[in-house]
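Before any comments, here is the structure.
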Amino acid sequence: MNQDRKYTRSQDSSLLVRSINASQRYMKAFSRCIPSKPLRPSLPPTFYRSAAALLLPASSFPLPNSSPPHSLVETFASLCQRGAFSDAIAAMVSLEGHGLRADPISYLNLIKLCIRNNAVDEGRLVHRHLSSDGDHPKLFLSNTLMSMYTKFGLLDEARQLFDRMGERNVVSWTTMISVMTNLKRNEEALRLLISMQREGVAPNMYTFSAVLRACQTLASLWSVHCCIVKYGLESDVFVRSSLIDVYSKFGDLDYGYRVFKEMATRDLVVWNSIIGGFAQGGDGYKAINLFTQMRRMGFLANQGTLASVLRACTGMVVLEMGRQVHVHVLKHERDLILNNALLDMYCKCGSLDDADAVFLRMSERDVISWSTMISGLAQNGRSSDALKLFDSMKILGPKPNYITIVGVLFACSHAGLVEDGWYYFRSMKKLFDIQPGREHYGCMVDLLGRAGKLEEALKFIQDMNFEPDTVIWRTLLGACRVHKNATLAAHAAKEILRLEPDDEGAYILLSNIYADSHRWNEVEQVRKSMGDRRVRKEPGRSWIEVGKKIHVFIVGDMSHPQADGIEKELSRLISRIANIGYVPDTDFVLHDVGKEQKEESLRYHSEKLAIAFGVLNSTRSKPIRIMKNLRICGDCHTFAKLVAKSEDMTIIIRDPVRFHHFQDGACSCGDYW
DNA sequence: ATAGGGTTAG
């Protein structure tokens, strides 16, 4: 595969060509505008003329002798109103030269024109003109100037203007608050909310929909929510969509949903907020249900909706549904975010051919597109392709970021490329200006552990400049399990339990490790502390898409309508693979029951039920795809490999972290996960 | 004049 040819950079053809001769065009326009009636006959023409004479040296626009000066004011007003931008600016310069001022509405129009034309220098010129008489511009003009500066990204200038304004109203404050929330200076935003009220300015719905995004703790959200209720602004759609969004981001989806349900009127953004909330909060099922409801109510999905729905599909790993959403995405084929979401959906659903096709067809690729594809390849066991793609990215892609490097290191560790991993880890700061973070360290522990360098991995953890978390210890624990190092495993498990006393997997492993070395006292102790803590056991769950429906299996639960068939199929599969060497591996069950019971409980692991169901309903031409909430156990892993071989089919199982593509008696993970 | 929703890792 020729990577260089395949992954070519999209052409950026946005050349801005501007050739404007403002004064020429102004002259034409000026000659066309002979006013019939003076707009605002305030001072006598002679006044203007004499005032203008004092200032005249600065003027590049000598007035025609025949025209009275106030016609210049009128011309300016008319140019601003008609949107003749550069002519209006030229006219303004001339006004200033003559010491004249026009009406505020014209200036308002002109500032809007500056924004529309992205004309920074002209904007500053207008600001200077409005302040040139030493007075503050009118309040609403100052506000408009502030919002102009924020739209240009000139936040310091906006702030300066705000600080120097003689008078500030709710609009000024809200604009400033928006600046702060956009900068993620959340404390500052909340402090502004307090200051404005102290100065006697009451916030309105604009203020609250902006300030809600600055709530970083549930407590601050509650206080702001109280404030909203107090001002009687809770029913505003904007405020509500913000409320839904922020409650969802704090994981309080129930509350977000309550706010949603209470609403009498909803618009598209409100729907998108609640769908996005569930999609991001991991309840893809609810997100998709709401999407269906939304369409039933006659709302047309836009890019935002579809991106959330794709994320929901990604979270549930429902490839077929994702494909259906893909059809809707075609309407917005140039939307980068949407394409990235699509790319991720295909990667996470284990369909790399589709992901490849999307990636190649994208008209524009940003760092997220490349990172998604690199991690996607690595997670699906195609590490060397991931690294090749990274090489192309270095040549013709955007600058890699923190997450890109996580994907690259993940690929190195999965391909067993210890040296490359070290190289990227050590040089990421120099090469890409990225400081190694927690996730990078985690990848390195994986890299070393996978290669069997367990002591080195432990030393690496101890030498880190931050506290190891459970993710790091679990990584080491996984390596210990594969390389059968009981001592180190016990150490890692203890560390995990110190940080997360309810980690069921760590208890089981620890107890099994002790049992293997016949240290029954310790086994007893572990089991006791597990009982004391009443460790909640998240039941294993697997699901599979068959016939446009999602079938969920829970460990030991045989309530599925086809339970009898599944039971028979399970027996058939077990006896078939027993012929090619399957022996139930009961190491993966807690050592507190007899051998037969252990085999019995293994038999009903949720992924086995799902595999049996999948095989039963399979056409053999397509791979069967199973999703799991927990990591696959070693026995089910062997089971899947052997079933794939004996039934001559591909089985794809996704656990919370990676994919297992089972084919011909082997797995893409190389028996390491 | 000021406001709300979407994509990458773990």
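Note that the structure is a prediction, hence the values are computed from the model and not measured. Each chain gets a letter, A, B and so on, in the order its sequence line appears, and its residues count up from 1. Computed over heavy atoms, backbone and side chain alike; hydrogens, waters and symmetry mates excluded.
Note: A/Tyr231 and A/Phe208 have tilted aromatic rings, judged against thresholds of 30 and 60 degrees for the angle between ring planes. Taking the six-membered ring where the residue is Trp, A/Phe466 and A/Tyr441 present perpendicular rings, their angle passing 60° and hence far from 30°. Relative ring orientation between A/Tyr255 and A/Tyr247 is described as tilted, the plane-to-plane angle lying within the 30° to 60° band. Between A/Tyr257 and A/Phe260, the two ring planes are parallel [angle under 30°; tilted spans 30° to 60°].
Rounding to whole angstrom units, CD1 of residue A/Ile374 and C1' of B/dT7 are separated by 16 Å. Atoms CD (A/Glu167) and C1' (B/dA1) sit 14 Å apart, rounded to a whole Å. Atom CD1 in A/Ile274 sits roughly 13 Å away from atom C1' in B/dG4 (whole-Å rounding). The distance from atom CG of A/Leu300 to atom P of B/dG6 is 19 Å, rounded to the nearest whole Å. If you measure from atom CG of A/Leu377 to atom P of B/dA9, you get 13 Å, rounded to the nearest angstrom. Distance A/Leu193 CG to B/dA3 P: 16 Å, rounded to the nearest Å. Separating the CH2 atom of A/Trp271 from the P atom of B/dG4 is a distance of 22 Å, rounded to the nearest angstrom. At whole-Å resolution of the value, CG in A/Leu145 and C1' in B/dT2 are 14 Å apart.
Nearest nucleotide to the A/Ser178 side chain, out of B/dT7, B/dA3, B/dA9: B/dA3. Each of B/dT2, B/dG6, B/dA3 was ranked by its minimum atom distance to the side chain of A/Asp245; first place goes to B/dG6. Closest to the side chain of A/Leu338, out of B/dG6, B/dT8, B/dA9, is B/dG6. Comparing atom distances between the A/Asp344 side chain and each of B/dA3, B/dG10, B/dT7 picks out B/dT7 as nearest. Closest to the side chain of A/Ser147, from the set B/dG6, B/dA1, B/dT8, is B/dA1. With B/dA3, B/dA1, B/dT7 as the choices, the nucleotide that has an atom nearest any side-chain atom of A/Tyr206 turns out to be B/dA3. Across B/dG4, B/dT8, B/dG6, the shortest atom-to-atom separation from the side chain of A/Ser241 is found for B/dG4. When distances are taken from the side chain of A/Ala307 to each of B/dG10, B/dG6, B/dT2, the shortest belongs to B/dG6. Looking at the side chain of A/Ile337, the nearest of the listed nucleotides B/dA1, B/dT7, B/dT2 is B/dT7. Proximity note for A/Val269 (side chain, C-beta onward) versus B/dT2, B/dG4, B/dG10: the nearest is B/dG4.
Stacking here means ring centres nearer than 5.5 Å and ring planes tilted less than 30 degrees, and by that measure A/Phe140 does not stack onto B/dA1.
Among the protein residues, A/Val237 comes within range of the nucleic acid bases, having at least one heavy atom under 4.0 Å from a base atom. Among the atoms of the strands shown, only primed sugar atoms or phosphate atoms (P, OP1, OP2) are found under 4.0 Å from some heavy atom of A/Arg311. Within the 4.0 angstrom heavy-atom criterion, no nucleotide atom of any strand lies near A/Asp366. Note on A/Lys151: only backbone sugar-phosphate atoms sit closer than 4.0 angstrom, heavy atoms only; bases stay farther off. Heavy atoms of A/Val270 sit under 4.0 angstrom from at least one base atom. Here A/Asp469 lies out of heavy-atom contact (under 4.0 Å) with every strand. Here A/Thr372 lies in heavy-atom contact (under 4.0 Å) with sugar-phosphate atoms only. The residue A/Asn339 sits apart from the nucleic acid: no heavy atom pair falls under 4.0 Å. Within the 4.0 angstrom heavy-atom criterion, no nucleotide atom of any strand lies near A/Phe208. Among the atoms of the strands shown, only primed sugar atoms or phosphate atoms (P, OP1, OP2) are found under 4.0 Å from some heavy atom of A/Arg213.
For B/dG10, one of the phosphate oxygens OP1 or OP2 lies less than 4.0 angstrom from a side-chain nitrogen or oxygen of A/Gln379. Within the 4.0 Å cut-off from OP1 or OP2 of B/dA9, at least one side-chain nitrogen or oxygen of A/Lys348 is found.
Under 3.5 Å, the side chain of A/Asn302 and the base of B/dG6 form no donor-acceptor pair of N or O atoms. A donor N or O paired with an acceptor N or O is not found under 3.5 Å between the base of B/dA3 and the side-chain atoms of A/Asn204. Taking only distance into account, the side chain of A/Thr144 never meets the base of B/dA1 through a donor-acceptor pair shorter than 3.5 Å. A donor and an acceptor atom sit less than 3.5 Å apart, one in the side chain of A/Asp335 and one in the base of B/dG6.
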Sequence neighbours left out, cut at 3.5 Å: what donor-acceptor pairs do the side chains of residues 275-289 of chain A make with other protein atoms?
{"from": "A/Asp283", "atom 1": "OD1", "to": "A/Lys286", "atom 2": "N", "distance (Å)": "3.2"}

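Using a cutoff of 4.0 Å between basic side-chain nitrogens and carboxylate oxygens, A/Asp385 and A/Lys388 are scored as salt-bridged.
A/Asn109 and A/Ser106 share no donor-acceptor pair across their side chains, judged by distance under 3.5 Å alone.
Not counting sequence neighbours, the partners of A/Leu154 by the side-chain contact (heavy atoms from CB on, under 4.5 Å) test are A/Val120, A/Arg124, A/Tyr149, A/Phe152, A/Glu157.
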